[in-house]
Amino acid sequence: MKVYNTLNRASEEVVPLEGNHVRMYTCGPTVYNIAHIGNFRTYVFEDILRRYLKYSGFGVTQVMNLTDVDDKTIRDANAAGVSLEEHTQQFKDMFFDDINVLNIEPAEHYPAATDHVPEMIELISKLFDRGLAYQSDDGSVYFSIAKFPGYGKLAKIDVSEMQAGARVSQDEYEKDNLADFALWKAWDEQDGEVGWDSPWGRGRPGWHIECSAMGMKYLGESFDIHTGGVDNMFPHHEDEIAQSEGATGKQFVKYWLHSAHLIVDGQKMSKSLGNFYTLRDLQEKGYTGREIRYVLLSAHYRQQLNFTFDALSASRAALSRVDEFTERLKALESPDNAGLPPWAGKARDDFEAALDNDLNVPEALAAIFDLVHEGNRRMDAGESDWSADAVVGLLSRFDEVLGVLATEKAEAGDDIVALADARETARQGKDWAEADRLRDQLHDMGWEVRDTPEGPKLKRL
Ligand SMILES: [Zn+2]
């Protein structure tokens, strides 16, 4: 599998640092507000990446942080007149609801910044030890970018033009404001109750140090993949590299992957243009998480995604087409042991070749629609010398990556398996009434039990 590594501006084969296990860090939400569909575009891309790594046989440990203290969370908690914790908790809850609606697989770790301030303080201390951090007159601590030779390597910035001693205290700034950035911000009145004691006085961490500290805590000083939206490349990711590599002397991350922006109807999404959407806005308009996910994954992650309501309607039509095909296959009487026909094998090869090539989802979807077309054509012609179950199985396998083809998983959950087992026990005890009752119960839950020479088999209705 190849990915486009922003650090080297090149397509590179994924080779994990350790064994067959990929450790990946994905910048998570700043929980000051409800996440919008632009945010979810990035999270869906990261989900596809995670799922395809697993499909390809890698183990994956993913960390997604929750930024619950920074300039924006404090500003908005103040504006709402509530504590930082109260303000951010509601948005954390909504975030987890939303990723569930979008069928985004949970990461292994969701560390919150406010739970990791000691780790951040320790990291800043290391930067002091290495002469890369200094405290300014206002009490805040800054990273001296002139003392870190690799500064600018991710965003390809020339630091030689930088004005000596310039500092920026905001978490977010532009390349034009290239300057020493804040690691630790001295407490001021706007921070109110928010603050932690540190060797440099009371204050709070800068946004960038949060991700360095949490990434290293859960994934080690060097790990494989770091992702985020392209707008995080500078300054956020550039600063993460400086802090992490400055403290450890080791390469922080091997592959950096960045997803492009989402625009709406050809324009930048903004509240003033009235084209700003959260997931909830779209659900209220009657679209399902599945349809929205389909639109969000349908463009290549490094291409700008133009979100439109036409695209949502098209996604509804595309999904129905696959659903109808799947239903037709399920209803087809075909030999169980005939295996996957060659034309479906080709679809599988095309699907994998597309995703191996820097997660080319549009091409992978095209392979699926070729399969649908070809399968329908062969069913129309009355062919039945191939296994329809094997083709359904292939679609389920595709869906391990896409998470959008079949709303109901073809695999039975523990409760279904337990019922089927109880039915089999009743049958062997010749309690036919109980066995029939359990069969009916399974039927009501959408499952059919078929008794075969190899024992009972469950089939999704
Ligand atoms: Zn981050």
Side-chain angles (χ1 to χ4, degrees), residues 5-7 23-33 35-36 38-47 49-50 61-74 88 91-92 95 99 104 107-117 119-121 123-124 127 143 145 151 153-155 168 170-175 181-185 204-248 251-261 301:
N5 186 356
T6 316
L7 184 63
R23 288 166 287 158
M24 86 177 198
Y25 189 92
T26 47
C27 282
T30 301
V31 282
Y32 71 112
N33 207 333
H36 55 68
N39 303 129
F40 286 116
R41 194 243 166 138
T42 301
Y43 304 142
V44 167
F45 142 62
E46 290 157 347
D47 185 47
L49 173 62
R50 167 198 171 85
T61 300
Q62 181 191 358
V63 174
M64 181 176 276
N65 66 293
L66 304 169
T67 299
D68 60 354
V69 55
D70 79 323
D71 295 349
K72 291 191 285 196
T73 46
I74 293 174
T88 57
F91 297 116
K92 288 179 191 172
F95 170 72
I99 61 171
I104 291 175
E108 281 63 34
H109 303 280
Y110 287 103
T114 51
D115 293 330
H116 295 80
V117 176
E119 287 87 343
M120 296 165 203
I121 291 174
L123 186 53
I124 298 168
L127 293 171
F143 185 94
I145 64 177
Y151 196 86
K153 66 183 175 185
L154 179 67
V168 58
Q170 291 90 355
D171 285 331
E172 292 182 46
Y173 54 94
E174 302 295 323
K175 282 186 194 173
F181 58 90
L183 297 165
W184 186 260
K185 304 187 187 200
R204 61 181 171 96
W207 171 36
H208 318 299
I209 198 78
E210 298 179 4
C211 283
S212 286
M214 292 187 281
M216 288 199 271
K217 169 160 182 176
Y218 292 94
L219 299 174
E221 291 181 342
S222 296
F223 54 87
D224 301 294
I225 297 180
H226 195 314
T227 67
V230 68
D231 49 342
N232 277 341
M233 194 196 305
F234 186 88
H236 186 50
H237 292 160
E238 192 70 58
D239 291 351
E240 278 189 50
I241 292 175
Q243 298 160 147
S244 308
E245 300 189 357
T248 66
Q251 182 169 25
F252 180 44
V253 169
K254 194 169 173 189
Y255 309 94
W256 286 87
L257 275 64
H258 292 97
S259 61
H261 285 290
Y301 76 93

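In each ligand, atom 1 is the first atom listed, and ligand 1 is the first ligand listed. All figures in this text were calculated on a predicted structure; none of them were measured in a lab. Below, each value reflects all heavy atoms present in this structure, side chains not excepted, and no hydrogens, waters or symmetry copies. This chain uses plain numbering: 1 for the first residue, then up along the sequence.
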Could you pull out all residues at least two apart from Thr67 that satisfy side chain to side chain donor-acceptor pair (under 3.5 Å)? Asn65
Output, by chain and residue number, all protein N/O/S atoms separated from the Zn ion (ligand 1) by less than 2.8 Å. Cys27 SG, Cys211 SG, His236 NE2
Answer yes if the side chains of Thr61 and Glu108 hold a donor-acceptor pair under 3.5 Å, and no otherwise. no
Is the shortest side-chain N to carboxylate O distance from Asp70 to Lys185 below 4.0 Å? no
Compute whether any side-chain donor of one residue and acceptor of the other, for Thr73 and Thr88, lie under 3.5 angstrom apart. no
Contact between Pro111 and Lys217 at the side-chain level, heavy atoms closer than 4.5 Å - yes or no? no
Is there a side-chain contact between His116 and Tyr218 in this structure, where contact means two heavy atoms from C-beta onward sitting under 4.5 Å apart? yes
